[in-house]
Structure formats: C-alpha cells, structure tokens
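This report concerns only the one structure given below.
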Amino acid sequence: MQVPRRLFLLPMLRFAQTLDRQLGAALERAFPAAAAAAIAAGRRLDPQLVAASKPEFGDFQANGALALAKSLQQAPRQVATALLAELEADPAFAALCLPPQIAGPGFLNLTLRPELLAAELRRRLGDPRLGVPLVEGQSAAARPPVIVDFSSPNIAKEMHVGHLRSTIIGDALARVLEFRGHPVLRLNHVGDWGTQFGMLITHLKQVAPEALSTADAVDLGDLVAFYRQAKQRFDADEVFQATAREEVVKLQSGDPVSRRAWQLLCDQSRREFEQIYGRLDIRLSERGESFYNPYLAAVVADLETAGLLVVDAGAKCVFLEGMQGKDGNPLPVIVQKSDGGFNYATTDLAAIRYRFAAPPAGDGAGWVIYVTDAGQAHHFAGVFQVARRAGWIPEGARVEHVPFGLVQGDDGKKLKTRSGDTVRLKDLLDEAVERCEADLRRRLAEEGRQEDDNFVHQVAATVGLAAVKYADLSTNRLTNYQFSFDRMLALQGNTAPYLLYAVVRIAGIARKGGDLGDGAATSAEPQAAFPDPLLFSEPQEWALVRELLKLDTVIAEVEQELLPNRLCSYLFELSQVFNRFYDQVPVLKAEPAARASRLALCRLSADTLKLGLGLLGIATLERM
C-alpha cells in the first residue's frame with residue numbers, strides 16, 4: 001500500500017483515498033482543458049488533500065484551488081467555488097461528506113458524515129485487525145520474504161546497551177510487517193567468525209584449555225575477560241599475533257580441534273543471548289558470519305567477472321561512485337586483503353548476494369532491512385552500491401539501512417557504568433524491573449492494598465521491561481536519546497506505564513459492571529453487547545471516534561517509513577483522548593442507549609491499545 005505522505009494520519013485511509021478520487025474527478029469536470037493538459041504531461045489535477053489542521057475545520061482540507069489558480073489565471077476562491085459546485089452535484093460525494101465550506105483564500109474544509117464514522121467504528125468491534133487491511137497483491141505464501149537483520153551481538157561477548165536499540169527496533173518493525181501480511185525472516189547476523197576467534201582460542205589454549213573441550217567450563221563473564229586479555233596480547237605481542245592468525249587459518253580450513261573449540265564458544269554465548277531474547281520476547285533466527293564463509297570466494301569471482309575489481313596495493317577493491325575521501329579520490333570497498341583474507345564488507349556482500357538470490361541458492365528476498373547504528377551508514381551505502389552494480393539486487397527489490405542513534409547517559413555521552421565500562425544489557429533490564437518493583441510496593445503501601453508477591457513480580461517485570469522498550473521506541477530512531485529510569489517509569493507523560501494504566505483503567509470498567517463484550521478482539525462478529533448503530537452526541541465521544549479510526553493510516557506509515565515512534569505517538573495521543581473522554585463523559589452512570597455506545601468506545605480503545613502495544617513487543621496488564 002503506497003500512500004502519499006500527506007494522506008498519513010488522516011482518519012481512515014479508505015475514506016481518504018475515496019475522497020481524494022472524488023475531488024480529483026470533480027476538478028477534471030470543472031476544468032477539462034487543464035485536466036487534459038495535466039494528463040498529457042503525465043500527471044493529474046491534484047486536490048492536495050490533507051488532514052484538517054484543527055477539529056473545528058472538519059476532517060480534511062483540500063488546498064488544490066490555491067495551486068491551480070495561477071495556471072488557470074483565476075482567483076483561488078473562484079477555483080474553489082467551481083470545485084464546490086461539482087462536488088455538490090455528486091451524489092457519491094454527498095453520501096460521504098457533509099456540505100463542504102470554503103475558507104480563507106480558497107481552502108475547502110470537508111467533514112465526513114458522522115453516521116459513516118459510527119458505522120465504521122461498529123464494524124471494527126470484534127475485528128481482530130481493527131480495520132487494518134493486509135498488504136495488497138499476492139498472497140503471503142507467494143510474496144517474496146522481507147528480511148529484517150537486527151540485534152547481531154558478537155560471540156564470546158555479553159550483550160550490552162549498544163544492542164538494545166537494534167534488538168527492540170528490529171523486533172517492532174518485524175512485528176508490524178508481519179501484521180500487514182508480509183512473510184518476514186528475522187535474521188540475527190551474529191559475529192561468530194574471524195580474527196577474534198583466533199585470538200581467543202590461542203589465549204584459552206594457554207590459560208583455560210578446558211573451555212575448548214568442555215561445555216560451560218567457564219562462564220560468559222570469564223570468557224569476556226579472557227577475550228579482553230587476548231586482544232591486549234594480540235595488539236602487543238607479534239608472536240601471539242602470528243599464532244592467532246595461524247589459528248584462524250586452521251578454523252577456516254575446518255581443523256576439527258579448532259572447530260570443536262569454536263562450536264563450544266558459540267553454543268555458550270548463544271545460551272546467554274537466548275536468555276535476554278526470552279525476557280524481551282524477541283524471536284530471531286541465527287545466521288552468523290560463519291554461514292557466509294563458503295560464499296566469499298564467489299563474491300570476489302562475481303565482481304571480477306563484472307569488471308568491478310581493481311587491485312590496489314595488493315588488495316582487491318571496488319571503488320565507489322560518488323563517494324570520495326578527503327583527498328577527493330573515490331573511496332574503496334576492500335573485498336579481499338593483500339594477504340588473501342576477507343573482511344566484514346566481504347561477508348556483508350556475500351550476505352546480500354545470498355539474500356536476494358532465488359531459492360534454492362538463496363532466500364529470494366524482495367526487501368532486506370538492516371537495523372544497525374547510524375555509524376555504519378557509510379559502510380552500508382558502499383555495500384549496497386557494490387551489490388547493485390554487481391547485479392545482485394533484482395529490479396523492484398528494496399534494500400535499506402535503518403539507522404539509529406546512541407543511548408546516552410544524563411551527561412549526554414554514550415551510556416557507561418561508573419567505572420567506564422559499557423553497560424551490560426542484563427544489568428540494565430534487571431535494574432528497570434527492580435526499580436519498578438520498589439515503586440509498586442511503595443504505592444501499594446500508600447494505598448493500603450495487599451497483593452501477593454506473584455502479582456508484584458509479574459507487574460514489575462511487565463512494566464519494567466515495557467518501560468525500557470517504549471522509551472527507546474518512542475524516540476525517533478534517527479536521534480540519540482538520554483536513558484533515564486525516572487522518566488521511563490513515570491506514570492504521567494509519554495511512557496509505557498501511562499499507556500498500560502489506560503488499559504488497566506478500561507479493564508476496571510468491566511470489573512465495575514460495564515459490559516465490554518469478551519474483553520478482547522477475537523470474535524469474528526461484532527459483540528451483541530453493543531447497539532447498532534452506535535449513537536454519539538458529545539464532542540469528547542467524536543474526538544475519540546476519530547482518534548480510534550486513525551489506526552490503519554498509522555500502521556501504513558510505520559510500514560512505509562520504518563519509524564516505530566509514529567505508532568508510539570499515536571498510542572499516547574489515543575490514551576490522552578480516551579482519558580479526557582472518560583473523565584468528562586459519564587459511562588457507567590449514563591442512560592442505557594448512551595451507556596452501551598460509550599462502552600463500545602471503551603472496548604475499542606482497549607483493543608487498539610493492546611494491538612498497538614503488542615506490535616511494539618509490549619505486553620499489557622489487567623491490573624497494576
């Protein structure tokens with residue numbers, strides 16, 4: 001679903017698209033000569049439909065009269081009047097909108113008929129997709145997969161805060177794409193190959209040989225310390241460096257002892273990673289750098305056949321077009337080093353070649369997304385260019401880097417421990433849950449509530465992890481953000497606890513006797529508990545109706561722009577609109593007809609919040 005950017009955040013994408021077509025047809029009828037000229041030039045008369053800037057102006061605003069006025073040599077209001085006359089004579093338009101109004105120099109304010117909004121809302125009751133369509137075109141089985149490459153920790157190292165954004169952003173994007181009906185392959189491109197293993201195996205042979213023959217002989221923390229020691233020796237000792245390089249050759253050539261040691265190290269790290277992924281509810285298929293090792297020679301051969309390889313100082317390179325260094329010369333992508341070895345760029349080229357290759361020689365992907373930090377933007381720009389020039393990316397296929405900024409401390413610098421070490425992801429998650437539990441116990445004591453430990457632990461774990469995820473996802477991924485437990489755990493503001501509390505508040509309505517149907521959008525039919533048609537009279541009701549009906553356009557926006565913070569902003573706004581509605585309009589004490597329709601609004605608000613938070617990888621609660 002390719003949607004013009006200005007149609008995003010309009011209530012109901014389907015209505016917006018219908019209205020855009022009707023306005024375009026009305027312009028063609030009003031100005032046939034201009035329409036013919038536009039068609040001859042390969043375009044259309046554009047009504048320039050946008051969301052109304054304020055609720056009192058209606059739902060939409062058409063600004064096309066202002067753009068057309070100059071070419072038609074007419075005043076904008078004159079153009080708008082002619083357009084208005086055509087719309088008033090169109091029964092289909094009259095069935096969609098109330099009579100439009102001309103405002104300002106020639107804007108056209110448009111308001112959808114309230115009964116249509118209420119009917120659309122009624123249709124979403126009991127719909128597990130809440131009106132969000134599946135992607136158009138082929139069935140999911142026939143559609144080429146979307147590959148989302150994210151997380152990507154290194155073997156023999158612990159996951160740290162630097163892996164947080166890639167893991168959480170990648171998972172949220174994968175969830176949204178899956179929900180839209182794309183077949184998604186979630187890949188974890190772990191660092192499980194190369195010189196670091198030569199260093200580590202060489203060092204372990206001397207200081208902890210049992211780690212190379214016995215599973216879990218040392219824990220991961222010790223393994224990390226051994227890795228640091230190995231790196232120090234590699235940098236300072238030429239003899240050790242030479243031995244480590246020989247070990248890499250043994251590993252790459254399949255030496256059974258080296259392979260056994262490598263496999264043990266990978267298995268141990270993998271188990272540690274899985275614990276983190278389990279806590280965060282992350283699904284990934286591991287396919288590390290080692291997977292692409294057999295394909296590296298073919299990368300070099302292909303590039304040589306394509307005439308792209310240049311030997312420079314003994315290294316085989318591809319010089320990039322349009323990308324120069326400080327000296328003004330084209331920058332190289334080194335594919336094979338002068339000593340015959342390969343590097344990260346070679347592995348990434350082998351990966352992109354395999355991912356786009358048709359099965360069974362590859363994944364046959366139609367879209368590949370790399371979720372890594374912004375510091376790798378230059379690297380991927382070079383890799384993508386080489387892959388395109390080599391012909392590995394099919395026509396119509398998409399490949400893009402989804403960059404993100406740093407996680408910073410309160411000082412605005414990269415988040416570190418007090419000792420200057422990188423913060424372990426496990427420690428960060430533990431602290432979030434511990435702080436949440438302490439805060440929850442304090443509030444329970446203040447309120448005089450007695451809850452068992454299982455309840456406290458469940459709420460603390462859910463809210464603590466939700467707070468970490470939401471704080472990250474609600475920030476535009478292109479920017480850095482400052483990590484603050486106090487901000488992310490606050491019950492007010494754009495935080496996970498605020499959104500979770502809105503869901504809990506609605507669940508409380510059911511506990512007080514409000515009939516919300518089955519409490520979850522799982523039924524194929526609208527719930528019998530709600531009237532048909534739904535009846536609304538208060539402005540707060542209509543504000544909530546319109547906010548609920550924005551969901552489909554928000555999901556389309558996230559899919560197209562790969563920005564999860566758009567969904568966060570929507571869910572926060574929805575929570576605010578719901579809370580204003582609930583605070584200002586009686587629900588349980590309303591007259592029966594109004595009560596049932598308002599309960600329908602509560603039900604859909606809960607379902608929309610649960611669905612949206614679920615797409616962000618955030619679980620919800622019935623009580624807090």
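All values derive from a computational prediction rather than experimental measurement.
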Sidechain N-carboxylate O distance under 4.0 Å for [X], [Y]:
X: R186; Y: E178; result: yes
X: E120; Y: R124; result: yes
X: R165; Y: D472; result: yes
X: D127; Y: R123; result: no
X: R546; Y: D59; result: yes
X: R389; Y: E321; result: yes
X: R44; Y: D20; result: yes

Does the [X] side chain pair with the main chain of [Y], one donor and one acceptor, at a distance under 3.5 Å?
X: K469; Y: G617; value: yes
X: S166; Y: V371; value: yes
X: T553; Y: K550; value: yes
X: R175; Y: G170; value: no
X: S71; Y: L68; value: yes
X: D552; Y: V132; value: no
X: R129; Y: F179; value: yes
X: T475; Y: A471; value: yes
X: E547; Y: A543; value: no

Sub-4.5 Å side-chain heavy-atom contact between [X] and [Y]:
X: L609; Y: T620; result: no
X: L185; Y: L187; result: yes
X: F15; Y: L549; result: no
X: D583; Y: F581; result: no
X: N109; Y: P100; result: no
X: K413; Y: Q408; result: no
X: T372; Y: F150; result: no
X: F578; Y: C602; result: yes

Taking all heavy atoms of [X] and all of [Y], pick out the closest pair and write down the distance.
X: V554; Y: R566; value: CG1-O, 3.9 Å
X: M488; Y: A467; value: O-CB, 3.4 Å
X: H379; Y: D348; value: NE2-OD2, 2.6 Å
X: A590; Y: R598; value: CB-NH1, 3.5 Å
X: R477; Y: I169; value: CB-CD1, 3.8 Å
X: L491; Y: P497; value: CD2-CB, 3.8 Å

Measuring from atom [atom1] of [X] to atom [atom2] of [Y], what distance do you get when rounded to the nearest 0.5 angstrom?
X: I393; Y: Q385; atom1: CD1; atom2: CD; answer: 10.5 Å
X: L45; Y: L27; atom1: CG; atom2: CG; answer: 5.5 Å
X: L574; Y: L544; atom1: CG; atom2: CG; answer: 6.5 Å
X: T495; Y: L500; atom1: OG1; atom2: CG; answer: 8.0 Å
X: L601; Y: E538; atom1: CG; atom2: CD; answer: 12.0 Å
X: L563; Y: L567; atom1: CG; atom2: CG; answer: 11.5 Å

Exceeds 12 heavy-atom contacts within 6.0 angstrom, atom CD of E115: yes

Are there over 12 heavy-atom neighbours, none belonging to E591, within less than 6.0 Å of that residue's CD? no

Check the pair R29, D90 against side-chain contact (heavy atoms from CB on, under 4.5 Å), reporting the backbone distance first and the verdict last. CA-CA 11 Å; R29 294 193 301 271; D90 181 1; 4.1 Å; yes

Between F483 and Y481, what is the ring plane arrangement, given parallel below 30°, perpendicular above 60°, and tilted in between? tilted

Can you list the steps and then say if Q324 with N329 is a side-chain contact (heavy atoms from CB on, under 4.5 Å)? CA-CA 5 Å; Q324 288 84 31; N329 293 322; over 6 Å; no

For a side-chain contact (heavy atoms from CB on, under 4.5 Å) check, start with the C-alpha distance between L516 and L599, then their side-chain angles and the critical distance, and finish with the verdict. CA-CA 6 Å; L516 298 180; L599 286 171; 3.8 Å; yes

Residue set satisfying side chain to side chain contact (heavy atoms under 4.5 Å, CB included) with N494, at least two apart, ordered chain then number -> Y470, S474, F572

Ring centroid separation Y370 to F384 under 6.0 Å: yes

Ring centres under 6.0 Å, that's the criterion: do W392 and F356 meet it? no

Apply side-chain contact (heavy atoms from CB on, under 4.5 Å) to the pair Q48 and Q61, showing each step before the final yes or no. CA-CA 8 Å; Q48 296 193 8; Q61 184 174 294; over 6 Å; no

Any chance you could lay out the side-chain hydrogen bond (donor to acceptor under 3.5 Å, both in side chains) test for N579 and Y501, step after step, and finish with the verdict? CA-CA 10 Å; N579 284 329; Y501 182 71; over 6 Å; no

Do we see a donor-acceptor contact under 3.5 Å between the side chains of Y570 and N565? no

F530 six-ring centre to R122 NZ/CZ under 6.0 Å and within 45° of normal: no

